[in-house]
Student: 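Questions regarding the structure given below will be posed in turn.
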Amino acid sequence: MEPTPKTRDVFALVTNRIIEHLEKGTVPWKKPWTDAGLPRNLLTGKLYRGVNVWLLNALNYPQNVFLTYNQAQSIGGRVRSGERAHLVVLWKWIDDTEHGARPRKTPMLRYYQVFNISQCADMPEWYMPSPDISKNDPLGLCEAIVESMPHAPDIRHMGDEAYYHPFFDLVNMPSMDKFINSETYYSTLFHELIHSTGHSSRLNRKEFDTGLPDKFDKYSLEELTAEIGACYLNSFAGIDGWDFQNHVAYMQNWLEKLSNDKRLIVYASAQAQRAVDYILNLKGQHTEESVSEDMVLQTIEV
């Protein structure tokens, strides 16, 4: 299915989808995909990235495997009548001739529609994925993630506060016994490690630049990036480390911020994806996509 015309405000479409979930009491980036698997395309096997992870994972399908209408038809299957399509976004590079005679490439956010495999019928058996019943050691995976992070900041355990200090490039954590459980400890540590990827020696996120204009809500954007990135790592390790104690205030906070800035969720998700790729040492495995993401991020005015 071809991406939609550029006249549609894709940022608003994505944000409205996220807001719909928040209004129903669901935080898309907080829902683990442990049982359903990472959202991916059935035919290509390609994992969805950035904000697409949260858009698709929040749908609560037993298996996070999707394909387009045309892909289903191409293998002899079909989408059942009345099924609702789901939004997936991507960046397309178009020729911009409005700024002079010489064309230049400009990124444009587009969207297309996909369906979950459970919305389809007559699918060839050999295409359908088998449920993954293998169980890993969640806490062992958490520790492996921390230990394998390249150029990691110093991690110390002093006092009762969890924070990342960019000047000293260190993460401070309360000792594990101060947390409700080990999962909450690692979830908090992941949050601070995502912050640390913004350091100039790593991904050099501009949210760390104190000279940003006043209209740029640096703190909110960096916090959302760290939240989303930590939730990605939580799900990767198979843990759920979110404390729902202040659930209502949390939901209201993000409803307000996303309503006021339609680009926030797309931008923060892309930054979180880059941070996670860094921590998991995946640089090079998504080379073409990463280059595009880097270039696109430089063009978005948040």
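Numbers here simply count residues along the sequence, with the first being 1.
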Student: Which residues pass the ring pair (Phe, Tyr, Trp, His ring centres under 6.0 Å) test with H165, sequence neighbours left out?
Tutor: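 With sequence neighbours excluded, H165 shows a ring pair (Phe, Tyr, Trp, His ring centres under 6.0 Å) to F168, given in chain and number order.
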Student: For residues R205 and A275, report the shortest heavy-atom separation together with the two atoms involved.
Tutor: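 Closest approach of R205 to A275, heavy atoms only: NH1-CB, 4.0 Å.
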Student: How about D177 and S175: does a side-chain donor come under 3.5 Å of a side-chain acceptor?
Tutor: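 Distance-only check passes for D177 and S175.
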Student: Give the minimum heavy-atom separation between G229 and A272, together with the two atoms involved.
Tutor: N-CB, 3.6 Å
Student: Do S196 and M149 have side chains that get closer than 4.5 Å, going by heavy atoms?
Tutor: yes
Student: Contact between K30 and E227 at the side-chain level, heavy atoms closer than 4.5 Å - yes or no?
Tutor: yes
Student: Given side chain to side chain contact (heavy atoms under 4.5 Å, CB included), test C120 with R78 step by step and report yes or no.
Tutor: CA-CA 6 Å; C120 301; R78 63 182 175 84; over 6 Å; no
Student: For the residue pair F190 and Y186, categorise the inter-ring angle as parallel (less than 30°), tilted (30 to 60°) or perpendicular (more than 60°).
Tutor: tilted
Student: To the nearest 0.5 Å, what is the distance between CG (L221) and CD (Q271)?
Tutor: 7.0 Å
Student: Please give me the minimum heavy-atom distance between P129 and R40, naming the atom from each residue.
Tutor: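 In terms of heavy atoms, the two residues are closest at CB-NH2, 3.4 Å.
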Student: Minimum heavy-atom separation for M173 and V171, please, with both atom names.
Tutor: CG-CG1, 4.0 Å
Student: What I'd like to find out is whether the side chain of S269 reaches to under 4.5 Å of the side chain of I265, using heavy atoms alone.
Tutor: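 Yes - at least one pair of side-chain heavy atoms lies under 4.5 Å apart.
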Student: Please walk me through it: do L90 and V88 pass side chain to side chain contact (heavy atoms under 4.5 Å, CB included)?
Tutor: CA-CA 7 Å; L90 77 164; V88 170; 5.9 Å; no
Student: For N64, enumerate each residue passing the side-chain hydrogen bond (donor to acceptor under 3.5 Å, both in side chains) test, keeping only those at least two apart in sequence or located in another chain.
Tutor: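 Listed in chain order: N57.
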Student: Suppose we screen for side-chain hydrogen bond (donor to acceptor under 3.5 Å, both in side chains). Which residues come up paired with N260, at least two apart in sequence or across chains?
Tutor: none
Student: Output all residues satisfying side chain to side chain contact (heavy atoms under 4.5 Å, CB included) with E161, sequence neighbours left out; order by chain, then residue number.
Tutor: Y163
Student: First locate atom CD1 of I228, then atom CG of L233, and finally report the distance between them rounded to the nearest 0.5 Å.
Tutor: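 Interatomic distance, I228 CD1 to L233 CG, rounded to 0.5 Å: 12.5 Å.
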Student: Apply the test side chain to side chain contact (heavy atoms under 4.5 Å, CB included) to residues I194 and I279: give CA-CA distance (whole Å), side-chain angles for both, the deciding distance (0.1 Å), then the verdict.
Tutor: CA-CA 8 Å; I194 293 291; I279 290 173; 3.7 Å; yes
Student: Do the side chains of L38 and Y232 get nearer than 4.5 Å, heavy atoms only?
Tutor: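 In short, these two side chains touch, coming nearer than 4.5 Å.
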Student: Under a 4.5 Å cut-off applied to non-hydrogen side-chain atoms, are L47 and V53 in contact?
Tutor: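 In short, these two side chains do not touch, never coming nearer than 4.5 Å.
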Student: Checking S200 now: which residues fulfil side chain to side chain contact (heavy atoms under 4.5 Å, CB included) with it, not counting sequence neighbours?
Tutor: N204
Student: Heavy atoms only: give me the nearest S201-H151 pair and the separation to one decimal.
Tutor: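 Looking at all heavy atoms of both residues, the closest pair is OG-NE2, 3.0 Å.
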Student: Is it the case that the side chain of N253 and the backbone of A249 share a donor-acceptor pair, with hydrogens and angles ignored and the cut-off at 3.5 Å?
Tutor: no
Student: For E192, what residues pass the side-chain hydrogen bond (donor to acceptor under 3.5 Å, both in side chains) criterion, not counting sequence neighbours?
Tutor: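 Residues passing side-chain hydrogen bond (donor to acceptor under 3.5 Å, both in side chains) with E192: none at all.
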Student: Give a yes or no on whether F236 atom CZ has more than 12 heavy-atom contacts from other residues, nucleotides or ligands under 6.0 Å away.
Tutor: no
Student: Applying ring pair (Phe, Tyr, Trp, His ring centres under 6.0 Å), name anything that partners H86, two or more places apart in sequence or on another chain.
Tutor: Y61
Student: With sequence neighbours excluded, what pairs up with N181 under the side chain to side chain contact (heavy atoms under 4.5 Å, CB included) test?
Tutor: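 N181 satisfies side chain to side chain contact (heavy atoms under 4.5 Å, CB included) with E183, T184 only.
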Student: Rounded to the nearest 0.5 Å, what separation is found between the CD1 atom of I18 and the NE2 atom of H21?
Tutor: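 I18 CD1 to H21 NE2: 6.0 Å, rounded to 0.5 Å.
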Student: Please examine the side chains of D277 and R49, heavy atoms only from C-beta on, and report whether any two atoms are closer than 4.5 Å.
Tutor: yes
Student: Roughly how far, to the nearest 0.5 Å, is the SG atom of C142 from the CD1 atom of I239?
Tutor: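 Separation between the atoms: 3.5 Å.
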Student: Between NE2 of H191 and CG of N234, what distance do you get to the nearest 0.5 Å?
Tutor: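 The NE2 atom of H191 sits 11.0 Å away from the CG atom of N234.
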Student: Nearest heavy-atom pair of Q113 and A85: which atoms, and what distance?
Tutor: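 It is CB-CB, 3.6 Å.
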Student: Could I get the full list of salt bridge (Lys or Arg N to Asp or Glu O under 4.0 Å) partners for R202, not counting sequence neighbours?
Tutor: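 R202 satisfies salt bridge (Lys or Arg N to Asp or Glu O under 4.0 Å) with D169 once adjacent residues are dropped.
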Student: Scan side-chain atoms only and decide if Y278 and Q273 contain a donor-acceptor pair under the 3.5 Å cut-off.
Tutor: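 No.
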Student: I need the N116 CG to N60 CG distance, nearest 0.5 Å.
Tutor: 11.0 Å
Student: Using modelled atom types only, decide if a donor and an acceptor are shared between the side chain of T44 and the backbone of K46 within a distance under 3.5 Å.
Tutor: yes
Student: Determine whether S148 and N281 make a side-chain contact, defined as any pair of heavy atoms from C-beta on separated by less than 4.5 Å.
Tutor: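 The answer is no; the side chains never approach within 4.5 Å.
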Student: Mind running side chain to side chain contact (heavy atoms under 4.5 Å, CB included) on W29 and L224 for me, showing each step along the way?
Tutor: CA-CA 10 Å; W29 56 86; L224 184 56; 3.8 Å; yes
Student: Measure the shortest side-chain to side-chain distance between N41 and F66 over non-hydrogen atoms and say whether it is less than 4.5 angstrom.
Tutor: no
Student: Holding to salt bridge (Lys or Arg N to Asp or Glu O under 4.0 Å), I want the full list of residues that pass it with D160, two or more places apart in sequence or in another chain.
Tutor: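 If we apply the salt bridge (Lys or Arg N to Asp or Glu O under 4.0 Å) test to D160, skipping adjacent residues, the hits are K178.
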Student: Who else is in Y127's hydrophobic cluster (ILVMFWY, side-chain heavy atoms under 4.5 Å, direct or via others)?
Tutor: L42, L43, V65, L67, I75, I117, M123, W126, M128
Student: May I ask whether L170 and Y164 are part of the same hydrophobic cluster, defined by side-chain heavy atoms of I, L, V, M, F, W, Y residues being less than 4.5 angstrom apart, directly or through others?
Tutor: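 Per the 4.5 Å side-chain linkage, L170 and Y164 are not co-clustered.
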Student: Tell me, please, which residues at least two apart from E83 pass side chain to side chain contact (heavy atoms under 4.5 Å, CB included).
Tutor: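 Expected list: V79, R80, F115, Q119.
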